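All remarks here apply to the structure that follows.
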Amino acid sequence: MKKEIRFCLDKMHEMFPEAACELNHENPFELLVAVVLSAQCTDNLVNKVTKELFQKYKKPEDYVAVPLEALQQDIRSIGLYRNKAKNIQKLSQSLLDRYNGDVPRTKEQLMELAGVGRKTANVVASVAFGEPAIAVDTHVERVSKRLGICRWKDSVNEVEQTLMRKVPKDEWSDTHHLMIFFGRYHCKSRNPNCPECPLLQLCREGQKRMKKRDAANTAVLK
DNA sequence: AACTCGGGGCA
DNA sequence: TGCCCAGAGTT
């Protein structure tokens with residue numbers, strides 16, 4: 001089983017040798033804000049907004065100091081901007097209250113912060129601090145289920161547990177980014193692109209889809 | 001487990 | 001136009 005995972009990761013790496021976190025990860029606080037903003041919206045758009053945002057806001061104090069409406073206006077081109085502005089202010093306040101304005105390292109500490117859930121906590125912990133964590137987003141979940149690494153009915157939590165069990169610990173962070181790229185550019189939710197997939201031979205969903213396609217083709221020929 | 005927030009991108 | 005997107009909180 002682990003051998004198959006190894007094969008998948010190697011092939012994904014061949015397809016996307018540049019796969020890495022596209023968000024700024026030099027500054028943990030900026031990474032945290034960027035990941036919060038990125039929920040349900042493309043990273044392209046997030047990058048556009050954060051470019052100006054990070055010129056204006058440097059530290060948690062800066063986000064807390066402005067009226068909520070001002071911050072909302074500054075991120076208005078992003079979806080869910082009202083909630084996100086609120087969350088960032090609450091988040092900044094709790095960083096000031098509990099960590100003197102610094103960003104904590106572990107995913108447990110991060111997840112306790114306002115507006116920070118499981119995925120955000122895992123991304124920040126692993127990317128900014130090198131903590132062992134696998135962030136499971138929609139791409140990672142879909143790819144894992146299609147390949148057969150986990151079961152269709154598994155919850156996000158179960159997917160994460162399974163991946164942590166099957167993937168060597170020192171590759172958790174890479175695995176996340178590889179699956180993101182693979183899911184976004186190849187194994188898309190609508191179009192998995194199975195006929196041109198290097199993982200087809202061992203992919204559960206791919207085999208099923210190809211079999212179905214072959215059946216449809218032979219039916220047409222008759 | 002389902003619902004809500006939400007503007008931009010893409011077909 | 002209609003559908004989807006590097007999610008989290010509430011019910």
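Being a predicted model, the structure only gives us computed values, none of them experimental. Throughout, protein chains are lettered first and strands after them, A, B, ... in sequence-line order, and every chain is numbered starting at 1.
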Any carboxylate oxygen within less than 4.0 angstrom of a Lys/Arg side-chain nitrogen, looking at [X] and [Y]?
{"X": "A:E205", "Y": "A:K145", "answer": "no"}
{"X": "A:K119", "Y": "A:E160", "answer": "no"}
{"X": "A:K107", "Y": "A:E131", "answer": "no"}
{"X": "A:E52", "Y": "A:K56", "answer": "no"}
{"X": "A:R184", "Y": "A:D43", "answer": "yes"}

With a non-hydrogen cut-off below 4.0 angstrom, is [X] in contact with a base, only sugar-phosphate, or nothing?
{"X": "A:K90", "value": "nothing"}
{"X": "A:L45", "value": "sugar-phosphate"}
{"X": "A:V140", "value": "nothing"}

Pull out every protein N or O sitting under 3.5 Å from an N or O of nucleotides 2-6 of chain B, one pair per line with the distance.
residue, atom, partner, partner atom, Å
B:dG6, OP1, A:R82, N, 3.1
B:dG6, OP1, A:N83, N, 3.0
B:dG6, OP2, A:R82, NE, 2.6
B:dG6, OP2, A:R82, NH2, 3.4
B:dG6, O4', A:L80, N, 2.9
B:dG6, N1, A:Q40, O, 3.3
B:dG6, N2, A:Q40, O, 2.7

When the [atom1] atoms of [N] and [M] are considered, how many whole Å apart are they?
{"N": "C:dA6", "M": "B:dA11", "atom1": "P", "answer": "14 Å"}
{"N": "B:dG6", "M": "C:dT1", "atom1": "P", "answer": "24 Å"}
{"N": "B:dG8", "M": "C:dG9", "atom1": "C1'", "answer": "24 Å"}

Rounded to whole Å, how long is the line connecting atom [atom1] of [X] with atom [atom2] of [N]?
{"X": "A:L31", "N": "C:dA6", "atom1": "CG", "atom2": "P", "answer": "16 Å"}
{"X": "A:K188", "N": "C:dA6", "atom1": "NZ", "atom2": "P", "answer": "12 Å"}
{"X": "A:R184", "N": "C:dC4", "atom1": "CZ", "atom2": "P", "answer": "18 Å"}
{"X": "A:K86", "N": "C:dT10", "atom1": "NZ", "atom2": "P", "answer": "11 Å"}
{"X": "A:N157", "N": "C:dG7", "atom1": "CG", "atom2": "P", "answer": "17 Å"}
{"X": "A:D154", "N": "B:dA1", "atom1": "CG", "atom2": "C1'", "answer": "16 Å"}
{"X": "A:F182", "N": "C:dA6", "atom1": "CZ", "atom2": "P", "answer": "15 Å"}
{"X": "A:H139", "N": "C:dC5", "atom1": "NE2", "atom2": "P", "answer": "7 Å"}

Applying side chain to side chain donor-acceptor pair (under 3.5 Å) to A:S155 and not counting sequence neighbours gives A:E158
With a 3.5 Å cut-off and no angle check, do the side chains of A:T106 and A:Q109 form a donor-acceptor pair?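 Yes, side-chain donor-acceptor contact under 3.5 Å.
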Residue pairs passing the ring-ring contact (aromatic ring centres under 6.0 Å, His included) test with at least one member in residues 61-83 of chain A, sequence neighbours excluded, are A:F29-A:Y63, A:Y57-A:Y63
For [N], does OP1 or OP2 lie under 4.0 Å from any side-chain N or O of [X]?
{"X": "A:T42", "N": "B:dG8", "result": "no"}
{"X": "A:R118", "N": "C:dG7", "result": "no"}
{"X": "A:T120", "N": "C:dA6", "result": "no"}

### Candidate nucleotides C:dA8, B:dG8, C:dC5, ranked by approach to the side chain of A:S189 - the nearest
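Ranking C:dA8, B:dG8, C:dC5 by closest atom to the A:S189 side chain puts C:dC5 first.
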Nearest to the side chain of A:K48, heavy atoms from C-beta on, is which of B:dG9, C:dA6, C:dA8?
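Ranking B:dG9, C:dA6, C:dA8 by closest atom to the A:K48 side chain puts B:dG9 first.
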5'-most contact on DNA chain C (nearest-nucleotide basis), A:R190 vs A:G117, goes to A:R190
